[in-house]
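Below, all heavy atoms of this structure are taken into account, side chains as well, without hydrogens, waters or symmetry copies.
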Amino acid sequence: MSAPVRPVLLVIAHGSRDPRHAQAVHALVRRVRSLRPDVRVETGFLDFNVPSVPGVLESLATEGVRDVVALPLLLTRAFHAKADIPAVLADAPARLRIRQAEVLGPSPLLLSALERRLYEAGLTPADKSSTGVVLASAGSSDPEAIAVIAEIAREWRHTGWCAVRPAFASASLPRTEQAVAELRELGCERVAVAPYVLAPGFLPDRIARGAAGADVLADVLGPSPEVARVLLERYDEARVPVLAAVGA
(Lines give C-alpha, C1' and ligand atoms only; values in the text may rest on other atoms or scores of the structure.)
Protein backbone atom coordinates (compact mmCIF):
# COMPACT_ATOMS: atom_id res chain seq x y z
CA MET A 1 0.00 0.00 0.00
CA SER A 2 1.50 3.30 -1.05
CA ALA A 3 1.98 6.12 1.45
CA PRO A 4 -0.53 8.97 1.28
CA VAL A 5 0.48 11.99 -0.75
CA ARG A 6 1.45 14.86 1.48
CA PRO A 7 -0.43 18.12 0.97
CA VAL A 8 1.40 20.73 -1.06
CA LEU A 9 2.79 23.49 1.14
CA LEU A 10 1.93 26.89 -0.32
CA VAL A 11 3.93 29.64 1.35
CA ILE A 12 2.02 32.91 1.05
CA ALA A 13 4.18 36.03 1.22
CA HIS A 14 2.99 39.62 1.18
CA GLY A 15 5.17 40.80 -1.68
CA SER A 16 7.02 44.08 -2.12
CA ARG A 17 8.34 46.47 -4.75
CA ASP A 18 11.72 46.00 -3.07
CA PRO A 19 13.44 43.09 -4.88
CA ARG A 20 15.21 42.08 -1.67
CA HIS A 21 11.87 40.93 -0.25
CA ALA A 22 11.25 38.24 -2.85
CA GLN A 23 14.89 37.19 -2.75
CA ALA A 24 14.65 36.57 1.00
CA VAL A 25 11.37 34.67 0.62
CA HIS A 26 12.80 32.41 -2.07
CA ALA A 27 15.94 31.78 0.02
CA LEU A 28 13.77 30.74 2.96
CA VAL A 29 11.71 28.42 0.77
CA ARG A 30 14.89 26.82 -0.58
CA ARG A 31 15.98 26.11 2.99
CA VAL A 32 12.59 24.58 3.78
CA ARG A 33 12.87 22.31 0.74
CA SER A 34 16.35 21.21 1.81
CA LEU A 35 15.03 20.26 5.26
CA ARG A 36 12.03 18.35 3.92
CA PRO A 37 12.62 17.08 0.39
CA ASP A 38 9.52 14.90 0.77
CA VAL A 39 7.29 17.98 0.82
CA ARG A 40 6.40 19.92 -2.31
CA VAL A 41 6.75 23.62 -1.49
CA GLU A 42 5.36 26.40 -3.67
CA THR A 43 5.44 30.17 -3.19
CA GLY A 44 2.73 32.73 -3.94
CA PHE A 45 2.59 36.48 -3.35
CA LEU A 46 -0.40 38.60 -2.38
CA ASP A 47 0.88 41.67 -4.21
CA PHE A 48 3.69 43.16 -6.31
CA ASN A 49 5.48 39.87 -7.11
CA VAL A 50 4.77 36.78 -9.17
CA PRO A 51 3.56 34.13 -9.04
CA SER A 52 0.36 35.35 -7.44
CA VAL A 53 -1.47 33.18 -4.92
CA PRO A 54 -4.51 32.73 -7.24
CA GLY A 55 -2.19 31.81 -10.10
CA VAL A 56 -0.43 29.12 -8.06
CA LEU A 57 -3.74 27.69 -6.85
CA GLU A 58 -5.07 27.51 -10.40
CA SER A 59 -1.92 25.74 -11.56
CA LEU A 60 -2.10 23.22 -8.72
CA ALA A 61 -5.74 22.46 -9.48
CA THR A 62 -4.94 22.00 -13.18
CA GLU A 63 -2.21 19.51 -12.26
CA GLY A 64 -4.69 17.48 -10.25
CA VAL A 65 -3.46 18.40 -6.80
CA ARG A 66 -6.16 17.94 -4.18
CA ASP A 67 -4.74 18.94 -0.78
CA VAL A 68 -2.95 22.18 0.04
CA VAL A 69 -1.71 23.69 3.28
CA ALA A 70 -1.60 27.48 2.84
CA LEU A 71 0.91 28.99 5.23
CA PRO A 72 0.95 32.77 5.80
CA LEU A 73 4.54 33.98 5.93
CA LEU A 74 3.65 36.29 8.80
CA LEU A 75 4.88 36.67 12.37
CA THR A 76 1.58 37.78 13.90
CA ARG A 77 -2.13 37.28 13.27
CA ALA A 78 -2.86 40.71 11.88
CA PHE A 79 -5.10 41.86 9.01
CA HIS A 80 -3.46 39.79 6.28
CA ALA A 81 -3.86 36.54 8.19
CA LYS A 82 -7.41 37.32 9.31
CA ALA A 83 -8.86 38.86 6.14
CA ASP A 84 -6.70 39.05 3.01
CA ILE A 85 -5.49 35.48 2.90
CA PRO A 86 -8.81 33.81 3.81
CA ALA A 87 -10.49 35.89 1.07
CA VAL A 88 -7.96 34.77 -1.55
CA LEU A 89 -8.25 31.13 -0.47
CA ALA A 90 -12.06 31.31 -0.58
CA ASP A 91 -11.81 32.03 -4.31
CA ALA A 92 -9.58 29.02 -5.01
CA PRO A 93 -10.70 26.29 -7.43
CA ALA A 94 -13.38 24.15 -5.83
CA ARG A 95 -11.47 20.89 -6.34
CA LEU A 96 -8.73 22.01 -3.93
CA ARG A 97 -9.00 21.15 -0.25
CA ILE A 98 -7.13 23.95 1.50
CA ARG A 99 -6.28 24.37 5.15
CA GLN A 100 -4.79 27.66 6.32
CA ALA A 101 -1.91 27.10 8.73
CA GLU A 102 -1.20 29.34 11.68
CA VAL A 103 1.20 32.25 11.38
CA LEU A 104 4.80 31.65 12.43
CA GLY A 105 4.84 33.52 15.72
CA PRO A 106 5.15 33.40 18.56
CA SER A 107 7.65 30.56 18.88
CA PRO A 108 10.75 29.88 20.99
CA LEU A 109 12.53 29.09 17.74
CA LEU A 110 11.97 32.66 16.55
CA LEU A 111 13.62 33.97 19.72
CA SER A 112 16.54 31.69 18.91
CA ALA A 113 16.64 33.16 15.42
CA LEU A 114 16.66 36.69 16.85
CA GLU A 115 19.58 35.81 19.10
CA ARG A 116 21.40 34.18 16.19
CA ARG A 117 21.15 37.44 14.26
CA LEU A 118 22.36 39.47 17.25
CA TYR A 119 25.38 37.22 17.70
CA GLU A 120 26.12 37.39 13.99
CA ALA A 121 26.07 41.20 14.36
CA GLY A 122 28.79 41.07 17.01
CA LEU A 123 27.25 40.31 20.40
CA THR A 124 28.17 37.26 22.46
CA PRO A 125 26.19 35.38 25.12
CA ALA A 126 28.42 37.03 27.72
CA ASP A 127 27.00 40.43 26.64
CA LYS A 128 23.38 39.58 27.46
CA SER A 129 23.18 40.88 31.03
CA SER A 130 24.61 44.28 30.06
CA THR A 131 22.75 44.72 26.77
CA GLY A 132 19.31 46.21 26.26
CA VAL A 133 17.47 44.98 23.18
CA VAL A 134 14.85 46.68 21.04
CA LEU A 135 12.46 44.11 19.57
CA ALA A 136 11.62 46.06 16.43
CA SER A 137 8.46 44.95 14.63
CA ALA A 138 6.90 46.26 11.44
CA GLY A 139 3.86 47.38 13.43
CA SER A 140 0.14 46.87 13.04
CA SER A 141 -3.19 48.53 13.73
CA ASP A 142 -4.43 45.20 15.11
CA PRO A 143 -4.40 45.23 18.94
CA GLU A 144 -3.88 41.46 19.07
CA ALA A 145 -0.71 41.71 17.01
CA ILE A 146 0.65 44.55 19.16
CA ALA A 147 -0.10 42.62 22.35
CA VAL A 148 1.77 39.60 21.02
CA ILE A 149 4.89 41.66 20.33
CA ALA A 150 4.77 43.15 23.82
CA GLU A 151 4.43 39.69 25.35
CA ILE A 152 7.37 38.35 23.32
CA ALA A 153 9.49 41.23 24.61
CA ARG A 154 8.51 40.40 28.21
CA GLU A 155 9.35 36.72 27.74
CA TRP A 156 12.65 37.47 26.03
CA ARG A 157 13.71 39.74 28.89
CA HIS A 158 13.58 36.73 31.22
CA THR A 159 16.28 34.92 29.23
CA GLY A 160 18.98 37.18 30.63
CA TRP A 161 19.04 40.46 28.73
CA CYS A 162 19.46 43.73 30.64
CA ALA A 163 16.07 44.83 29.27
CA VAL A 164 13.93 44.28 26.19
CA ARG A 165 11.58 46.88 24.75
CA PRO A 166 9.15 46.48 21.83
CA ALA A 167 9.12 49.05 19.04
CA PHE A 168 7.16 49.47 15.82
CA ALA A 169 8.03 50.88 12.42
CA SER A 170 4.42 51.87 11.64
CA ALA A 171 0.90 52.18 13.09
CA SER A 172 1.97 51.93 16.74
CA LEU A 173 4.39 53.46 19.19
CA PRO A 174 7.12 53.57 20.35
CA ARG A 175 9.36 53.89 17.32
CA THR A 176 12.75 52.19 17.28
CA GLU A 177 14.66 55.38 18.10
CA GLN A 178 12.40 56.02 21.12
CA ALA A 179 13.01 52.52 22.47
CA VAL A 180 16.77 52.92 21.95
CA ALA A 181 16.69 56.17 23.96
CA GLU A 182 14.68 54.51 26.74
CA LEU A 183 17.21 51.71 27.09
CA ARG A 184 20.00 54.28 27.24
CA GLU A 185 18.16 56.03 30.06
CA LEU A 186 17.80 52.73 31.90
CA GLY A 187 21.57 52.51 32.01
CA CYS A 188 22.15 49.48 29.78
CA GLU A 189 25.83 49.30 28.87
CA ARG A 190 25.00 48.74 25.21
CA VAL A 191 21.85 48.79 23.10
CA ALA A 192 21.04 46.39 20.27
CA VAL A 193 18.18 46.44 17.79
CA ALA A 194 16.73 43.10 16.68
CA PRO A 195 14.34 43.45 13.71
CA TYR A 196 11.42 41.07 14.19
CA VAL A 197 10.74 40.98 10.46
CA LEU A 198 11.21 38.26 7.88
CA ALA A 199 12.54 40.11 4.84
CA PRO A 200 14.10 43.43 3.84
CA GLY A 201 11.91 46.25 2.60
CA PHE A 202 10.50 49.69 3.37
CA LEU A 203 9.63 49.13 7.04
CA PRO A 204 12.84 47.22 7.88
CA ASP A 205 14.75 50.13 6.35
CA ARG A 206 12.83 52.46 8.69
CA ILE A 207 13.84 50.24 11.61
CA ALA A 208 17.47 50.49 10.51
CA ARG A 209 17.29 54.29 10.41
CA GLY A 210 15.79 54.30 13.89
CA ALA A 211 18.68 52.16 15.11
CA ALA A 212 21.23 54.86 14.33
CA GLY A 213 21.75 55.52 18.04
CA ALA A 214 22.21 51.84 18.94
CA ASP A 215 25.48 49.96 19.25
CA VAL A 216 24.34 46.90 17.30
CA LEU A 217 21.81 46.36 14.52
CA ALA A 218 20.98 42.77 13.67
CA ASP A 219 19.86 41.57 10.26
CA VAL A 220 16.27 40.58 9.48
CA LEU A 221 15.31 36.98 10.28
CA GLY A 222 15.34 35.96 6.62
CA PRO A 223 16.18 32.36 5.74
CA SER A 224 17.56 31.42 9.14
CA PRO A 225 17.27 27.70 9.95
CA GLU A 226 15.03 28.40 12.94
CA VAL A 227 12.48 30.20 10.77
CA ALA A 228 12.47 27.29 8.32
CA ARG A 229 11.85 24.87 11.19
CA VAL A 230 8.93 26.93 12.50
CA LEU A 231 7.46 27.01 9.02
CA LEU A 232 7.58 23.21 8.84
CA GLU A 233 6.10 22.91 12.32
CA ARG A 234 3.11 24.98 11.23
CA TYR A 235 2.78 22.85 8.10
CA ASP A 236 2.78 19.62 10.09
CA GLU A 237 0.24 20.98 12.57
CA ALA A 238 -2.10 21.92 9.74
CA ARG A 239 -1.63 18.89 7.50
CA VAL A 240 -2.71 16.29 10.06
CA PRO A 241 -6.39 17.37 9.97
CA VAL A 242 -6.19 17.49 6.16
CA LEU A 243 -5.01 13.91 5.98
CA ALA A 244 -7.53 12.78 8.59
CA ALA A 245 -10.33 14.38 6.59
CA VAL A 246 -9.48 12.28 3.55
CA GLY A 247 -8.94 9.10 5.55
CA ALA A 248 -5.17 8.99 5.04
Can a donor-acceptor pair be found, under 3.5 Å and without considering hydrogens, that links the side chain of [X] to the backbone of [Y]?
| X | Y | answer |
| --- | --- | --- |
| Q100 | A81 | yes |
| S170 | A138 | yes |
| R157 | C162 | yes |
| D205 | F202 | no |
| S172 | S140 | yes |

[X] to [Y] - nearest heavy-atom pair and separation:
| X | Y | answer |
| --- | --- | --- |
| A24 | A199 | CB-CB, 3.7 Å |
| A171 | G139 | CB-C, 4.5 Å |
| L198 | L73 | CD1-O, 3.5 Å |
| R239 | P7 | CB-CG, 3.9 Å |
| I207 | P195 | CG2-CG, 4.3 Å |
| A121 | A218 | CB-CA, 4.0 Å |

Nearest 0.5 Å, what's the [atom1]-[atom2] distance between [X] and [Y]?
| X | Y | atom1 | atom2 | result |
| --- | --- | --- | --- | --- |
| E155 | H158 | CD | NE2 | 8.0 Å |
| S141 | F168 | OG | CZ | 12.0 Å |
| R36 | Y235 | CZ | OH | 6.5 Å |
| C188 | R165 | SG | CZ | 7.5 Å |
| L118 | L217 | CG | CG | 9.0 Å |
| D219 | L114 | CG | CG | 11.5 Å |

Would L110 and I152 satisfy side-chain contact (heavy atoms from CB on, under 4.5 Å), going step by step from the backbone distance to the final call? CA-CA 10 Å; L110 294 177; I152 292 171; over 6 Å; no
Any heavy-atom pair between the side chains of [Y] and [X] that's under 4.5 Å?
| X | Y | value |
| --- | --- | --- |
| D67 | V5 | no |
| R77 | E102 | yes |
| F45 | V50 | no |
| V148 | P106 | yes |
| V197 | L203 | no |
| L231 | L104 | yes |
| L232 | V32 | yes |
| V8 | E63 | no |

What residues, two or more places apart in sequence or in another chain, satisfy side chain to side chain contact (heavy atoms under 4.5 Å, CB included) together with A70?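 Per chain and number, A70 pairs via side chain to side chain contact (heavy atoms under 4.5 Å, CB included) with I12, L89, I98.
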Contacts of type side chain to side chain contact (heavy atoms under 4.5 Å, CB included), residue T159, not counting sequence neighbours: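 Side chain to side chain contact (heavy atoms under 4.5 Å, CB included) list for T159, sorted by chain: E115, K128, W156, W161.
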Decide yes or no on side-chain contact (heavy atoms from CB on, under 4.5 Å) for V65 and E42, but give the supporting numbers first. CA-CA 12 Å; V65 170; E42 300 291 342; over 6 Å; no
Between the side chains of R234 and E237, is the shortest nitrogen-to-carboxylate-oxygen separation below 4.0 Å, so that they form an ion pair? yes
Is it true that D215 and R184 have a side-chain N and a carboxylate O under 4.0 angstrom from each other? yes
L28 vs V227, test: side-chain contact (heavy atoms from CB on, under 4.5 Å). Steps then yes/no. CA-CA 8 Å; L28 174 59; V227 175; 3.8 Å; yes
Decide whether [X] and [Y] are clustered together by the hydrophobic rule: side chain heavy atoms of Ile, Leu, Val, Met, Phe, Trp, Tyr closer than 4.5 Å, transitively.
| X | Y | result |
| --- | --- | --- |
| L96 | L10 | yes |
| L173 | V133 | no |
| L111 | V220 | no |

Is it the case that over 12 heavy atoms from other parts of the model lie below 6.0 angstrom from the CZ atom of R95?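 Yes - once you tally the heavy atoms of other residues, nucleotides and ligands closer than 6.0 Å, there are more than 12.
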Count the heavy atoms belonging to other residues, nucleotides or ligands that lie under 6.0 Å from CZ of R175, then report whether that count exceeds 12. yes
The residue among R31, R116, R117 that forms salt bridge (charged side-chain N to carboxylate O under 4.0 Å, His left out) with E226 is R116
Determine, step by step, whether I149 and I146 satisfy the side-chain contact (heavy atoms from CB on, under 4.5 Å) criterion, reporting the C-alpha distance in whole Å, the side-chain angles of both residues, the deciding distance to 0.1 Å, and the verdict. CA-CA 5 Å; I149 299 299; I146 298 304; 5.6 Å; no
